[in-house]
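Keep in mind that what you see is a predicted model, and the values were worked out from it rather than measured. Start at 1 and go down the list; that is how both ligands and their atoms are numbered. Note that the numbering runs from 1 along the sequence shown for the chain.
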Amino acid sequence: MQKYFKVAAVAAALSFGALTADAEEVLRFGTEPTFAPFEFSDQNNKVIGYDVDIIDAIAKEAGFKVEIVSMPFDGLIPALMTSQLDLVAAGMTITPERAQKVDFTAPYYNSGLSAVILKSNAGKFKKLDDLSKSRICGQIGNTGVDFAKKLSGNVAAFNTHAEAFMELKSKGCDAVVTDRPVNEYFLSSQKNDDYVEINEFAESAQFGIAVKKGNSDLLGQLNDGLKKIHENGVFAEIHKKWFGTEE
Ligand code: ARG
């Protein structure tokens with residue numbers, strides 16, 4: 001009797017597996033989760049954020065599943081190029097240099113750069129140019145660091161955003177330059193008001209989801225999914241959840 005059940009269960013599992021093999025395809029979704037509110041770890045070390053919700057919503061439309069793979073930001077594009085990842089959503093700005101190495105979906109978020117400084121320095125740094133003699137912190141491989149290098153000859157790039165903000169806190173640098181929503185999320189998550197943002201913003205940017213160059217099947221699925229979640233209101237819901245407004 002017992003044996004019969006066992007065999008039946010295995011047979012059922014096998015046929016179920018075979019039937020759903022396509023629909024259950026698990027894609028490797030690469031990101032660097034120190035970039036709140038786009039991707040960061042919650043108390044249980046689960047990666048959450050705007051990008052995670054967008055990818056989950058697209059995956060649901062397109063009928064695939066994803067598994068999050070966390071890695072250093074500057075490793076994401078090489079990992080796509082060598083097929084270690086299927087897609088990257090990491091608050092990644094679409095740039096001409098990157099677009100030579102990977103393919104991007106239509107933009108899904110409009111961003112731009114800003115600088116966070118210590119409040120005690122607010123009188124000293126009123127515009128971005130006032131940082132020209134300063135040490136500026138950022139994350140390795142980020143557009144913020146490229147921009148900071150145009151402002152100052154003294155730029156320190158760290159593996160994570162957490163380290164860059166720590167360095168500002170300990171006065172190892174005068175400013176963190178990164179995407180404006182990330183700086184503003186950092187400010188809003190502080191219990192004190194030790195930090196402020198310089199009231200000048202730079203380089204508008206657009207985030208895209210990246211795939212391996214030439215992977216037009218997946219690129220098409222992602223673009224279709226994006227379009228669908230714009231149409232059915234899910235995109236607006238996710239935007240509202242993380243940014244308080246529908247777009
Ligand atoms: N938008 C910037 C860039 O593309 C910063 C992205 C950082 N993303 C992250 N998940 N750490 O370079």
Kindly assign one of parallel, tilted or perpendicular to the pair Tyr50 and Phe243, based on the angle between their ring planes and the thresholds 30° and 60°.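 It falls in the perpendicular class, over 60°.
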Does the plane of the ring in Phe40 sit parallel, tilted or perpendicular to the ring in Trp242? Use 30° and 60° as the thresholds.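 Answer is perpendicular, since the angle exceeds 60°.
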Above 12 or not: heavy atoms from other molecules or residues under 6.0 Å from CD of Glu231? yes
In this structure, are over 12 heavy atoms from other groups packed under 6.0 Å from Asn199 atom CG? no
Can any side-chain N or O of Asp103 pair as donor or acceptor with the backbone N or O of Lys213 at less than 3.5 Å?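 No, Asp103 side chain to Lys213 backbone: no donor-acceptor pair under 3.5 Å.
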For ligand 1, output the ligand-protein N/O contacts shorter than 3.5 angstrom; if there are none, return none.
residue: ligand 1; atom: 1 (N); partner: Gly91; partner atom: O; Å: 2.8
residue: ligand 1; atom: 1 (N); partner: Thr93; partner atom: OG1; Å: 2.8
residue: ligand 1; atom: 1 (N); partner: Asp179; partner atom: OD2; Å: 2.7
residue: ligand 1; atom: 4 (O); partner: Thr93; partner atom: N; Å: 2.8
residue: ligand 1; atom: 4 (O); partner: Thr93; partner atom: OG1; Å: 3.4
residue: ligand 1; atom: 4 (O); partner: Arg98; partner atom: NH1; Å: 2.7
residue: ligand 1; atom: 8 (N); partner: Ala90; partner atom: O; Å: 2.8
residue: ligand 1; atom: 10 (N); partner: Glu32; partner atom: O; Å: 2.9
residue: ligand 1; atom: 10 (N); partner: Glu39; partner atom: OE2; Å: 3.1
residue: ligand 1; atom: 10 (N); partner: Ala90; partner atom: O; Å: 3.2
residue: ligand 1; atom: 11 (N); partner: Glu32; partner atom: OE1; Å: 2.7
residue: ligand 1; atom: 11 (N); partner: Gln139; partner atom: OE1; Å: 2.8
residue: ligand 1; atom: 12 (O); partner: Arg98; partner atom: NH1; Å: 3.4
residue: ligand 1; atom: 12 (O); partner: Arg98; partner atom: NH2; Å: 2.8
residue: ligand 1; atom: 12 (O); partner: Thr143; partner atom: N; Å: 2.8
residue: ligand 1; atom: 12 (O); partner: Thr143; partner atom: OG1; Å: 3.4

Could you go through Asn232 and Glu61, starting from their C-alpha distance and side-chain angles, then the distance that decides it, and tell me whether this counts as side-chain hydrogen bond (donor to acceptor under 3.5 Å, both in side chains)? CA-CA 11 Å; Asn232 67 15; Glu61 286 297 334; 3.1 Å; yes
